[in-house]
Amino acid sequence: MSRLPCSFFTKPTLTVARDCLGKKLVKIESDGTRISGTIIEVEGYIGETDLACHASIGMTQRTQTLYDKPGTLYVYLIYGMHWMLNLVTEAEGFPAGILIRALFPTSGINVMRERRNKSMSELTNGPAKIAQAFGINNTWNGYNTCAPDSKLFVEYDPLRENMETDYEARKGIHNTPEPWRSLPWNLSTQIESNKEVHI
DNA sequence: AGGACGATTAACT
DNA sequence: GTTAATCGTCCTG
């Protein structure tokens, strides 16, 4: 199964968010170890008019990645200690992306457990936990996931298509004014335990 | 040069 | 329910 192309991300952010549910986030380590998880929760941040989006203050050294080509990784530090992993969406020049909030681990679980020292259910059930389990930091900011030889990418999973989708308010933006604080731009899905792990 | 704050997490009471 | 940890980024002066 191969990495999703730039065209997959060159769509309205909420369309990309919905279509990402059930896809796999994959990282190939330098020793060839494959780490992956099914994407089950994402969150859209859409344009300079979205006051919860980092790009609401315009293009800066930090936010320029959001203006980059769809499929680019946007990685930033929050609270002085946590890395957040986002995928750029829409169109080059328009700042938007999706925050990867939760995965269901599917491979490389031993490596993730070495990095996180937590039980299976605590490995990737939060945005900073995903970055930790996958070994993602600022050196990955601006990375092109769609390149043919990329080591971090999103992958199609034929076993999970058209996932049932719940729409809720985005999390952790309680100081953002309305209406943006309550827009249902957090998308999630539930996956059955009997299909949990497959490589 | 300094201060406020944050798309979080873990460890408390 | 609360709070500390911890630093890049942005704004003010």
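Heavy-atom basis, side chains included; hydrogens, waters and symmetry copies ignored.
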Exercise for review: Take A:Ile173 and A:Glu122, find for each the nucleotide of DNA chain B with the closest heavy atom, and name the residue whose nucleotide sits nearer the 5' end.
Suggested key: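 Mapping each residue to its closest nucleotide by heavy atoms, the 5'-most match is A:Ile173.
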Practice item. Take A:Lys129 and A:Ile98, find for each the nucleotide of DNA chain B with the closest heavy atom, and name the residue whose nucleotide sits nearer the 5' end. Key: A:Ile98
State which of [options] makes the closest approach to the side chain of [X].
| X | options | result |
| --- | --- | --- |
| A:Ile78 | B:dA11, B:dT9, B:dA7 | B:dA7 |
| A:Tyr76 | B:dG6, B:dA10, B:dA7 | B:dA7 |
| A:Ala128 | B:dA10, B:dT9, B:dA7 | B:dT9 |

Over all strands shown, is [X] touching base, sugar-phosphate only, or nothing at heavy-atom distances under 4.0 angstrom?
| X | result |
| --- | --- |
| A:Met84 | sugar-phosphate |
| A:Arg116 | sugar-phosphate |
| A:Asn175 | sugar-phosphate |
| A:Leu99 | base |

Rounding to an integer number of Å, can you tell me how far [X] [atom1] sits from [N] [atom2]?
| X | N | atom1 | atom2 | result |
| --- | --- | --- | --- | --- |
| A:Leu77 | B:dC5 | CG | C1' | 13 Å |
| A:Arg115 | B:dT9 | CZ | P | 17 Å |
| A:Leu187 | B:dA7 | CG | C1' | 15 Å |
| A:Tyr79 | B:dA7 | OH | C1' | 8 Å |
| A:Asn141 | B:dA7 | CG | C1' | 15 Å |
| A:Leu85 | B:dT8 | CG | C1' | 15 Å |
| A:Trp180 | B:dA7 | CH2 | P | 15 Å |
| A:Lys171 | B:dT9 | NZ | P | 9 Å |

Exercise for review: Inspect the contact between A:Glu41 and A:Arg18 and indicate whether a charged nitrogen and a carboxylate oxygen are less than 4.0 angstrom apart.
Suggested key: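 Salt bridge: no.
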Exercise for review: For the pair A:Asp149 and A:Arg3, find out whether any cationic side-chain nitrogen is under 4.0 Å from an anionic carboxylate oxygen.
Suggested key: no
Within a strict 4.5 Å, meaning less than it, do heavy atoms of the [X] and [Y] side chains meet?
| X | Y | result |
| --- | --- | --- |
| A:Arg101 | A:Leu85 | no |
| A:Glu155 | A:Lys23 | no |
| A:Tyr156 | A:Lys24 | no |
| A:Phe104 | A:Ile39 | no |

Exercise for review: Considering only heavy atoms of chain A and a distance under 4.0 Å, specify the first and last nucleotide of DNA chain C in 5' to 3' order that meet this criterion.
Suggested key: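 Under 4.0 Å from chain A, the extent on DNA chain C is C:dA5 to C:dC10.
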Classify the side-chain pair [X]/[Y] by whether it contains a donor and acceptor separated by less than 3.5 Å.
| X | Y | value |
| --- | --- | --- |
| A:Glu43 | A:Asn186 | yes |
| A:Thr189 | A:Glu164 | no |
| A:Asn144 | A:Thr72 | no |
| A:Arg116 | A:Gln132 | yes |

Review point. Is there a residue in residues 45-64 of chain A whose heavy atoms reach under 4.0 Å of DNA chain B, and which residues are they?
Key: A:Tyr45, A:Ala52, A:His54
Practice item. Please check the phosphate of B:dT9 (OP1 and OP2 only) for any side-chain N or O of A:Lys118 closer than 4.0 Å. Key: no
Review point. Does a nitrogen or oxygen in the side chain of A:Arg101 sit under 4.0 Å from OP1 or OP2 of B:dT8?
Key: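 Yes.
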Review point. Is there a side-chain hydrogen bond (donor to acceptor under 3.5 Å, both in side chains) between A:Ser36 and A:Thr106 once you walk through the steps?
Key: CA-CA 5 Å; A:Ser36 71; A:Thr106 49; 2.6 Å; yes
Point to revise | Distance between C1' atoms of C:dG1 and B:dA7 (Å, rounded) | key: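 C:dG1 and B:dA7 have their C1' atoms separated by 23 Å.
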Exercise for review: With A:Lys11 as the cation and A:Phe9 as the aromatic partner, state whether NZ or CZ is under 6.0 Å from the six-membered ring centre and within 45° of the axis.
Suggested key: no
Check your understanding: Between A:Tyr76 and A:His54, does the ring centre distance come in under 6.0 Å?
Key -> yes
Check your understanding: DNA chain C: stems of at least 3 consecutive Watson-Crick or G-U pairs, cut-off 3.5 Å?
Key -> B:1-6 with C:7-12, B:8-12 with C:1-5
